[in-house]
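Notes follow once the structure below has been shown.
In what follows, every chain begins at residue 1, and chains take the letters A, B, ... in the order their sequences are listed.
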Protein chains: 2
Amino acid sequence: MKIGQVSKKTDLPVQTIRYYETQNLIKSAGRTEGNFRVYDSKVIDQLEFIKHCRHLDLSLSDIKRINELRDNPNAVCEEVNELINDQVKLVKIKMKELRHLKTQLEALTNSCSNNQKVGDCGIIKSLQECDC
Amino acid sequence: MKIGQVSKKTDLPVQTIRYYETQNLIKSAGRTEGNFRVYDSKVIDQLEFIKHCRHLDLSLSDIKRINELRDNPNAVCEEVNELINDQVKLVKIKMKELRHLKTQLEALTNSCSNNQKVGDCGIIKSLQECDC
DNA sequence: TTAATATCTATAGCCACTATAGAGTCAAGA
DNA sequence: TCTTGACTCTATAGTGGCTATAGATATTAA
């Protein structure tokens, strides 16, 4: 299988697959005589795994670590669990920040009665005074 | 006032102030004979404005646009309002994504009873099967 | 045979900084 | 006056996770 086919099967851009190779998330593929990458079907599972992890916003280095642990089935599960828990913590922090952001932004839009001149704009005035 | 003092007053790294200059968010400062940047106190307000906008996660190009409108007090407020509303929309989308993420991650942690071997780890198994 | 398509590498761009190297400037103390 | 240290300067590279481009080579279909 060449990279284009892998790309279609996984719905990942060709570039991204090559990028994952440079980052050692997947092994370097074999090559044809003409220097084209050749893959067997295993790579599809590997890429789907990566996709799933990325979907959870895990970093590539986290994914790399999980892959290392996967390759060593006697390793203890704890580290994977910690990784995921750390990720949950990160997500919670981001959510809190976004909630705060949303409150502030909505307060701003309320301070604008449209079609005023910028000189009188409540938004701009609010941006000038810091309430943080 | 030299850049270090501006940095202290605004609590922005010196590098960042120079960076904002390269991005035309603040005007090029005057220079001393020895080529050091010299600022008057106006720049403090400008930087606080930028800080406040960044705090709302507005992009530098949005901030630049708002600055342009500010400099033209006859401009109509509408565009500023739209900018902020777009930002609210973005934040809402991000929040939705994060909520989804959190649900998925928490489901993962629940699938792990600690101190198992990686080979039996529920998290890793779940990551292999895609439920999205 | 030729044209279209697929692939290759290398490089730059995105965003908003942050960090580093190496050189120059300046003020205070000995 | 000299030196030391703090400050500043520019230019460049790195962050993360791609994405886009250029220019070359390979393969495939008509």
Side-chain angles (χ1 to χ4, degrees), chain A residues 1-26 28-39 43 46-67 83 86-87 90-91 93-94 97 101, chain B residues 1-26 28-39 43 46-67 83 86-87 90-91 93-94 97 101:
Chain A
M1 214 183 344
K2 279 183 287 182
I3 200 166
Q5 220 179 330
V6 175
S7 166
K8 262 178 209 151
K9 287 202 182 185
T10 57
D11 207 30
L12 283 169
V14 166
Q15 312 277 37
T16 301
I17 299 168
R18 287 200 279 246
Y19 175 68
Y20 287 163
E21 190 183 305
T22 68
Q23 300 312 109
N24 298 312
L25 281 163
I26 53 177
S28 300
R31 299 292 177 121
T32 64
E33 282 185 9
N35 200 32
F36 286 9
R37 287 172 180 81
V38 192
Y39 296 96
V43 84
Q46 288 169 17
L47 288 171
E48 291 295 348
F49 185 84
I50 295 169
K51 263 179 75 178
H52 200 178
C53 289
R54 287 294 300 135
H55 213 241
L56 298 170
D57 216 20
L58 293 169
S59 70
L60 295 190
S61 77
D62 281 351
I63 298 173
K64 218 159 132 186
R65 185 69 189 130
I66 296 175
N67 271 336
L83 264 169
D86 287 350
Q87 188 68 5
L90 271 184
V91 168
I93 291 169
K94 279 193 206 162
E97 284 169 0
L101 218 56
Chain B
M1 211 181 348
K2 278 182 290 182
I3 199 166
Q5 221 180 328
V6 175
S7 167
K8 261 177 207 149
K9 286 202 182 185
T10 57
D11 208 30
L12 283 169
V14 166
Q15 312 277 38
T16 302
I17 298 169
R18 287 200 280 247
Y19 175 68
Y20 287 164
E21 191 183 304
T22 68
Q23 302 309 109
N24 298 313
L25 281 163
I26 53 176
S28 300
R31 299 291 176 120
T32 65
E33 281 185 10
N35 200 32
F36 285 11
R37 286 173 180 80
V38 192
Y39 296 95
V43 84
Q46 289 169 16
L47 288 170
E48 291 295 347
F49 185 84
I50 295 170
K51 264 179 74 177
H52 199 179
C53 291
R54 288 295 300 134
H55 213 241
L56 298 170
D57 219 19
L58 293 169
S59 70
L60 294 191
S61 76
D62 281 351
I63 299 174
K64 217 158 132 187
R65 185 71 189 127
I66 296 175
N67 271 336
L83 263 170
D86 287 349
Q87 188 67 5
L90 272 184
V91 168
I93 291 169
K94 278 193 207 161
E97 285 170 0
L101 218 56

Check your understanding: Roughly, in whole Å, what's the span from CG in A:L47 to P in D:dC18?
Key -> 11 Å
Revision key, fill the gap. Atom CD of A:Q87 and atom P of D:dG16 are separated, to the nearest Å, by 14 Å
Check your understanding: Considering only heavy atoms, which members of residues 2-20 of chain B lie under 4.0 Å from some atom of DNA chain C?
Key -> B:P13, B:Q15, B:T16, B:Y19, B:Y20
Check your understanding: Is A:R54 salt-bridged to A:D62, going by a charged N under 4.0 Å from an acidic O?
Key -> no
Review point. Quick one: are B:L12 and B:K51 in side-chain contact, heavy atoms under 4.5 Å?
Key: yes
Point to revise | Validation row: A:L56, A:Q87 side chains within 4.5 angstrom (heavy atoms) | key: no
Study note, to complete from the structure: Assign each of B:E33 and B:D57 the nucleotide of DNA chain C bearing its closest heavy atom; nearer the 5' end lies the nucleotide of B:D57
Check your understanding: Do the side chains of B:R37 and B:K2 get nearer than 4.5 Å, heavy atoms only?
Key -> no
Review point. Looking across every strand, which nucleic acid part, if any, lies under 4.0 Å from A:S61 by heavy atom: base, sugar-phosphate, or nothing?
Key: nothing
Review point. Quick one: B:Y39 OH to D:dC9 C1', roughly how many Å, whole number?
Key: 12 Å
Check your understanding: Taking five pairs at each end of the helix from C:dT1-D:dA30 to C:dA30-D:dT1, what angle separates the two helix axes (nearest 10°)?
Key -> 30°
Review point. Between B:Q23 (side chain) and B:L60 (backbone), is there a donor-acceptor pair under 3.5 Å?
Key: no
Review point. Can you give the first and last nucleotides of DNA chain C, 5' to 3', that have an atom under 4.0 Å from a heavy atom of chain A?
Key: C:dT7 to C:dT9
Point to revise | Euclidean distance, B:Y20 OH relative to B:Q15 CD, rounded to 0.5 Å | key: 12.5 Å
**Study point:** Check: A:S7 side chain, A:I3 main-chain N or O, donor-acceptor pair, under 3.5 Å
**Key:** no
Study note, to complete from the structure: Output for pair (B:I17 CD1, B:I26 CD1), nearest 0.5 Å, gives 6.5 Å
**Study point:** Side-chain touch B:N67/B:I63, heavy atoms, less than 4.5 angstrom
**Key:** yes
Point to revise | A:E21 vs A:L25 side-chain heavy atoms within contact, under 4.5 Å | key: no
Practice item. Whole angstrom is fine here: how far is it from CZ in A:R54 over to P in D:dG16? Key: 11 Å
Revision key, fill the gap. A:F36 CZ to D:dA24 P, in whole Å, measures 16 Å
Check your understanding: For A:N35 and D:dT27, what is the distance between atoms CG and C1' respectively, to the nearest whole Å?
Key -> 13 Å
Point to revise | Point-to-point distance, once rounded to the nearest 0.5 Å, from CG of A:N24 to NZ of A:K64 | key: 5.0 Å
Practice item. Could you check how far CD of A:E21 sits from C1' of D:dG17, rounded to whole Å? Key: 16 Å
Practice item. May I have the distance from B:R31 (atom CZ) to D:dC7 (atom C1'), rounded to whole angstrom? Key: 14 Å
